[in-house]
Student: 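Handing you a structure now.
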Amino acid sequence: MSVISSSIPKAVALLNQEQTIGIPTETVYGLAANIYSSKAVERIFSIKKRPFFNPLIVHIKSATVLSEIARDIPEKANLLAKAFWPGPLTLVLKKQISIPDLVTGGKDTVAIRVPNHPVALALLNQLAYPLAAPSANPFGSLSPTTAIHVADYFEEVLPMVLDGGACQRGIESTIIGFENGEPILYRLGSLAVEDIEAIVGPVKMITHDDIAPAAPGMFSKHYAPSTTTFLTADVTEKLKMFPDQKIGVLVFQKGIDDPKIVQQEILSTTGNLAEAASQLYAALHRLDKCHLDCIIAERFPDVGLGKTINDRLKRATKK
């Protein structure tokens, strides 16, 4: 019997029983648990095989409860919350003392966002607590953008995956922290840096830390298919390096005609970066199931969401 269900009451009951379940958001699917249940939160780390020093994102029902989770909130954080919540923006703020260290990786800050997904919001509004919900994938693997992706990973260990359809954004949230009230970008995501800077001005970037990450998604190798993957500015030239192999190709807008290509994924025939971002992980999941010798991914225009796509591909690739 499938663990996939569209029943919000069932999800509420399981979460109230300190269970860990899969839930949809507009970015990617998450592994959700009551932030105040150490049993349920520890299960997240166990299921994902995630390091305990890597903090989780706390999902809240609205900005009106932000002060229950965070303190000493900078003015620019309030401006960003007002502009982009609900939405794919995570803010890293000083935590209230009530927030467990298990959720924050032992840090005095907490990552928080309000998801922009009707099912996720309906669920949060029926709960008396926020949800910790990192991406519902084994640590380092491709993030899931459908309930089926989550079930493929965890059907044997999860009691339920709440189905909310395919994720609209398809890439994780953008993460912003603060130093002396000024914003720092910790993770590129499905909200473009340019949109953030339009609200708060220039943003410093610190997006890699394998030792003591201040936020989720900062590891240099992450979001990777099981198939060896390469990133290149010239797919046609790269194909010449693999004369006798089964190749999968991921490109932005225009397909490539080559007999070595077994499966080809074109992310946006119209050249729309938002569409390409929303399709990225789903395309990589499909390629990963084709029993290929390798995947060759095309480097995207390094503007707007193209920066985020390139970031994910760099972390996923061998070269």
Side-chain angles (χ1 to χ4, degrees), residues 18-23 25 27-60 66 69-73 77 88-113 115 129-144 150 153-154 157-158 171-180 183-189 204-224 308 311-312 314-316:
E18 298 187 277
Q19 295 283 322
T20 301
I21 67 170
I23 67 166
T25 78
T27 56
V28 300
Y29 273 71
L31 276 182
N34 175 356
I35 67 166
Y36 299 114
S37 166
S38 58
K39 171 188 172 183
V41 174
E42 285 175 2
R43 184 101 173 107
I44 289 176
F45 286 98
S46 173
I47 290 171
K48 283 179 63 71
K49 296 181 170 56
R50 180 187 181 99
F52 280 99
F53 62 80
N54 193 15
L56 306 177
I57 295 178
V58 172
H59 291 64
I60 59 177
L66 178 60
I69 312 299
R71 60 182 174 83
D72 304 331
I73 301 168
L89 172 70
T90 294
L91 298 176
V92 178
L93 304 167
K94 293 291 184 182
K95 72 173 185 176
Q96 292 286 8
I97 195 169
S98 59
I99 306 305
D101 286 346
L102 184 60
V103 172
T104 65
K107 297 171 177 60
D108 65 353
T109 55
V110 58
I112 313 164
R113 85 177 187 98
Y129 44 81
L131 293 173
S135 55
N137 57 317
F139 181 71
S141 298
L142 284 174
S143 294
V150 184
Y153 281 138
F154 299 127
V157 295
L158 286 181
I171 288 183
E172 297 83 0
S173 61
T174 302
I175 302 182
I176 298 288
F178 296 88
E179 189 175 278
N180 299 319
I184 300 172
L185 187 140
Y186 289 134
R187 181 175 73 184
L188 289 159
K204 181 180 177 182
M205 295 179 64
I206 306 175
T207 57
H208 293 77
D209 189 334
D210 291 331
I211 307 302
M218 295 184 72
F219 286 87
S220 55
K221 292 298 178 185
H222 208 6
Y223 314 112
T308 300
D311 171 80
R312 295 305 189 271
K314 286 174 189 174
R315 294 176 199 245

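This is a predicted model, so every value here is computed, not measured.
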Student: Decide yes or no for Ile57 and Val110: does some side-chain heavy atom of the first lie under 4.5 Å from some side-chain heavy atom of the second?
Tutor: no
Student: Around atom CD of Glu42, are there more than 12 heavy atoms from other residues, nucleotides or ligands closer than 6.0 Å?
Tutor: yes
Student: With a 4.5 Å limit on heavy-atom distance, are the side chains of Ile175 and Leu185 in contact?
Tutor: no
Student: Mind running side-chain contact (heavy atoms from CB on, under 4.5 Å) on Leu142 and Tyr153 for me, showing each step along the way?
Tutor: CA-CA 10 Å; Leu142 284 174; Tyr153 281 138; 3.7 Å; yes
Student: Say you draw a straight line from CG of Leu89 to OG of Ser173; how long is it, rounded to the nearest 0.5 Å?
Tutor: 7.5 Å
Student: Do the non-hydrogen side-chain atoms of Thr90 and Tyr186 ever get within less than 4.5 Å of each other?
Tutor: no
Student: Taking the side chain as every heavy atom from C-beta outward, state whether Val41 and Val103 have any atom pair closer than 4.5 Å.
Tutor: yes
Student: Out of curiosity, Leu31 CG to Leu158 CG, how far, rounded to the nearest 0.5 Å?
Tutor: 5.5 Å
Student: Between the main-chain N or O of Gly189 and the side-chain N or O of Thr308, is there a donor-acceptor pair closer than 3.5 Å?
Tutor: yes
Student: Residues two or more places apart in sequence or in another chain: which of them pass side-chain contact (heavy atoms from CB on, under 4.5 Å) with Asp101?
Tutor: Lys95, Thr104
Student: Distance from Leu66 atom CG to Ile60 atom CD1, nearest 0.5 Å?
Tutor: 5.0 Å
Student: Could you tell me whether the side chain of Pro134 reaches within less than 4.5 Å of the side chain of Arg50, counting heavy atoms only?
Tutor: yes
Student: Does any non-hydrogen side-chain atom of Phe178 lie less than 4.5 Å from one of Thr109?
Tutor: no
Student: State the CG-CD1 distance between Leu56 and Ile112, to the nearest 0.5 angstrom.
Tutor: 13.0 Å
Student: How many angstroms lie between atom OG1 of Thr174 and atom CG of Leu91, to the nearest 0.5 angstrom?
Tutor: 10.5 Å
Student: Can you find a heavy atom in the side chain of Pro138 that is under 4.5 Å from one in the side chain of Phe154?
Tutor: yes
Student: Compare every heavy atom of Pro144 with every heavy atom of Val28, then report the nearest pair and how far apart it is.
Tutor: CB-O, 3.3 Å
Student: Tell me whether Thr20 contacts the main-chain N or O of Ala40 through its side chain, where contact means a donor paired with an acceptor under 3.5 Å.
Tutor: yes
Student: According to side chain to side chain donor-acceptor pair (under 3.5 Å), who are the partners of Thr27, at least two apart in sequence or on a separate chain?
Tutor: Thr25, Arg113
Student: Hey, mind stepping through Asn34 and Glu18 against side-chain contact (heavy atoms from CB on, under 4.5 Å) and telling me if it holds?
Tutor: CA-CA 7 Å; Asn34 175 356; Glu18 298 187 277; 5.6 Å; no
Student: Any salt bridge linking Arg312 with Glu172? Criterion: basic side-chain nitrogen under 4.0 Å from a carboxylate oxygen.
Tutor: yes
Student: Nearest heavy-atom pair of Ile44 and Ala132: which atoms, and what distance?
Tutor: CD1-O, 3.8 Å
Student: Are Tyr36 and Tyr129 close enough that their ring centres sit under 6.0 Å apart?
Tutor: no
Student: If I take atom CD1 from residue Ile184 and atom CD1 from residue Ile176, how far apart are they, to the nearest 0.5 angstrom?
Tutor: 9.0 Å
Student: Under a 3.5 Å distance rule, please check whether Lys107 uses its side chain to pair with a backbone N or O of Lys94 as donor and acceptor.
Tutor: no
Student: Does the side chain of Arg43 reach to within under 4.5 Å of the side chain of Ser37, using non-hydrogen atoms?
Tutor: no
